[in-house]
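Okay, so here's the structure we're looking at.
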Amino acid sequence: VFYSYSAELKCKMKFGIYLPPKAETGKCPVLYWLSGLTCTEQNFITKAGFHQAAAEHGLIVVAPDTSPRGCNIEGEDESWDFGTGAGFYVDATEDPWKTNYRMYSYIKDELPKLINANFPTDPERMSIFGHSMGGHGALILALKNPGKYKSVSAFAPICNPIQCQWGKKALGGYLGSDVSKWEAYDATQLVKSYPDSHLDILIDQGKDDQFLSAGQLLPDNFIAACTERKIPVVFRLQQASCFCDLSLLGCCFGYDHSYFFIATFINDHIKHHAKYLNA
């Protein structure tokens with residue numbers, strides 16, 4: 001884990017980075033991971049179990065924090081789904097957030113420049129993925145910047161934030177009341193105007209995810225928009241299998257919103273990105 005001062009965010013920012021064995025002898029592609037609400041750079045690097053697959057495919061993996069921290073903005077620590085740990089990967093335009101909360105530009109420009117200047121990367125080969133709020137971030141970054149990322153994937157992403165409570169709270173707070181401004185950070189809206197179909201998207205979603213049933217994620221809206229635009233998307237609704245004798249008693253549960261779900265399918269996502277990054 002490293003930290004550096006961010007000119008975009010006006011604070012020190014931590015990021016975790018994994019260097020595969022191949023990085024000792026040459027430049028490697030980079031896969032950026034974006035985490036979800038309340039997370040830091042630590043959640044993914046300690047819980048996801050990505051290291052073996054990343055080593056096998058020769059991928060550098062970078063996991064930044066989810067928001068600026070310690071900016072002394074009134075209200076930044078009052079709720080778990082707005083402010084600290086909840087940057088939502090947008091560039092805020094409203095006071096008092098607009099000076100520091102510029103996670104979109106930090107992830108798109110500043111962080112890659114920092115990584116490329118200090119580690120053995122191939123700047124022309126990078127991809128992006130994430131979970132929940134971070135899945136939203138990965139999708140919008142790929143859709144807003146055609147050709148920048150070789151591939152994109154997500155676990156349980158917030159697919160249509162202008163239609164869910166998490167999104168309405170965050171986008172309204174950071175961007176103001178004009179909903180048309182929110183659409184610039186909504187994957188379901190962005191995919192409708194994506195200029196071509198050269199973007200293969202992989203999404204895994206747990207069937208028993210409490211936030212899916214609560215209407216926070218809305219993947220069906222995104223899939224419908226992709227289908228209309230003929231943009232390839234592989235959507236897998238994952239349901240756990242039970243082999244014990246007590247399943248009828250309700251002892252077993254399906255995949256939820258946790259890192260246990262992510263760890264189960266992380267190798268598939270690494271493989272998905274390696275297909276394009278190592279082509």
Side-chain angles (χ1 to χ4, degrees), residues 32-39 64-68 75-76 78-94 97-98 100-108 128-145 149 152-194 199 201-206 209-229 231 233 235 237 256-257 262:
Y32 288 89
W33 168 266
L34 304 183
S35 289
L37 290 165
T38 76
C39 290
D65 202 349
T66 55
S67 77
E76 66 181 344
E78 288 183 357
S79 60
W80 63 273
D81 55 357
F82 186 79
T84 300
F88 243 81
Y89 304 103
V90 304
D91 283 349
T93 57
E94 295 294 299
W97 312 100
K98 64 183 182 182
N100 303 96
Y101 278 69
R102 297 181 50 81
M103 286 297 294
Y104 174 78
S105 290
Y106 173 71
I107 299 297
K108 181 174 77 78
I128 193 164
F129 66 153
H131 170 232
S132 193
M133 177 185 73
H136 144 79
L139 290 173
I140 65 166
L141 277 148
L143 292 168
K144 287 169 72 70
N145 300 279
Y149 302 97
V152 61
S153 73
F155 292 88
I158 301 171
C159 292
N160 196 184
I162 68 172
Q163 297 291 344
C164 75
Q165 290 304 310
W166 280 343
K168 291 176 181 178
K169 180 176 181 178
L171 299 178
Y174 294 134
L175 304 176
S177 59
D178 185 351
V179 177
S180 66
K181 294 181 179 178
W182 304 4
E183 293 178 354
Y185 295 101
D186 184 300
T188 298
Q189 296 298 318
L190 290 168
V191 80
K192 295 176 182 179
S193 58
Y194 192 72
L199 182 68
I201 303 168
L202 170 63
I203 296 176
D204 273 318
Q205 172 65 60
D209 187 327
Q210 66 272 35
F211 299 117
L212 175 66
S213 57
Q216 296 283 21
L217 307 178
L218 303 174
D220 290 347
N221 296 357
F222 182 71
I223 294 166
C226 287
T227 302
E228 184 176 342
R229 288 283 294 117
I231 292 178
V233 55
F235 177 80
L237 187 64
D256 59 11
H257 203 69
I262 295 170

Flag the pair Ile203 / Pro219 as yes when at least one side-chain heavy-atom distance between them is below 4.5 Å, and no otherwise.
no

Do Gln216 and Gln165 have side chains that get closer than 4.5 Å, going by heavy atoms?
yes

Under 3.5 Å: donor-acceptor pair, side chain of Ser67, backbone of Gly85
yes

Using the six-membered ring of Tyr185, assess whether NZ or CZ of Lys144 lies under 6.0 Å from its centre and within 45 degrees of the ring axis.
yes

Hey, what do you get for CG (Asp186) to NE2 (His136), rounding to the nearest 0.5 Å?
8.0 Å

For Cys164 and Gly215, which heavy atoms make the closest approach, and how far apart are they?
CB-O, 3.5 Å

Would you sort out whether Val90 and Met103 count as a side-chain contact (heavy atoms from CB on, under 4.5 Å), showing the intermediate values?
CA-CA 6 Å; Val90 304; Met103 286 297 294; over 6 Å; no

If every non-hydrogen atom of Tyr89 is compared with every non-hydrogen atom of Ile140, which pair is closest and at what distance?
O-CD1, 3.6 Å

Distance from Asn160 atom CG to Ile223 atom CD1, nearest 0.5 Å?
12.0 Å

Aromatic centroids of Tyr101 and Tyr174 separated by under 6.0 Å
yes

How close do Pro161 and Ala187 get, heavy atom to heavy atom, and via which atoms?
CD-N, 4.5 Å

How far does OG of Ser177 sit from CD of Glu94, to the nearest 0.5 angstrom?
7.5 Å

Ala225 and Val191: which non-hydrogen atoms are nearest, and at how many Å?
CB-CG1, 3.3 Å

Would you call Lys168 and Trp182 a side-chain contact if the rule is heavy atoms closer than 4.5 Å?
yes

Taking the side chain as everything from C-beta on, heavy atoms only, tell me whether Leu141 gets closer than 4.5 Å to Asn145.
yes

Side chains of Val152 and Phe129: closer than 4.5 Å at any heavy-atom pair?
no

Do the side chains of Phe222 and Leu139 get nearer than 4.5 Å, heavy atoms only?
yes

Side chain to side chain contact (heavy atoms under 4.5 Å, CB included) with Leu34: which of Ser132, Pro64, Cys39?
Pro64

Taking the six-membered ring for Trp and the full ring for Phe, Tyr or His, determine whether the centres of Phe82 and Phe88 are under 6.0 Å apart.
no

Answer whether the closest heavy-atom distance between the side chains of Leu199 and Ile201 falls below 4.5 Å.
yes

Contact summary for Ala154 and Gly135, nearest pair of heavy atoms
CB-CA, 3.8 Å

Got a second to check how far Leu217's CG is from Leu212's CG, nearest 0.5 Å?
5.5 Å

Using 30° and 60° as the class boundaries, would you call the ring planes of Trp33 and His131 parallel, tilted or perpendicular?
parallel

Does atom CD (Gln210) have a neighbourhood of more than 12 heavy atoms from anything else shown, all under 6.0 Å?
yes

Within the 4.5 Å heavy-atom criterion, are Asn221 and Cys159 side-chain neighbours or not?
no

Has Asp91 got a side-chain atom pairing as donor or acceptor with Ser105's backbone, closer than 3.5 angstrom?
yes

Intermediate values then yes/no, side-chain contact (heavy atoms from CB on, under 4.5 Å), Ile107 and Ile128
CA-CA 10 Å; Ile107 299 297; Ile128 193 164; 4.3 Å; yes

Interatomic distance, CD@Glu183 vs NZ@Lys192, rounded to 0.5 Å, equals 8.0 Å

Distance from Thr93 atom OG1 to Lys98 atom NZ, nearest 0.5 Å?
8.0 Å

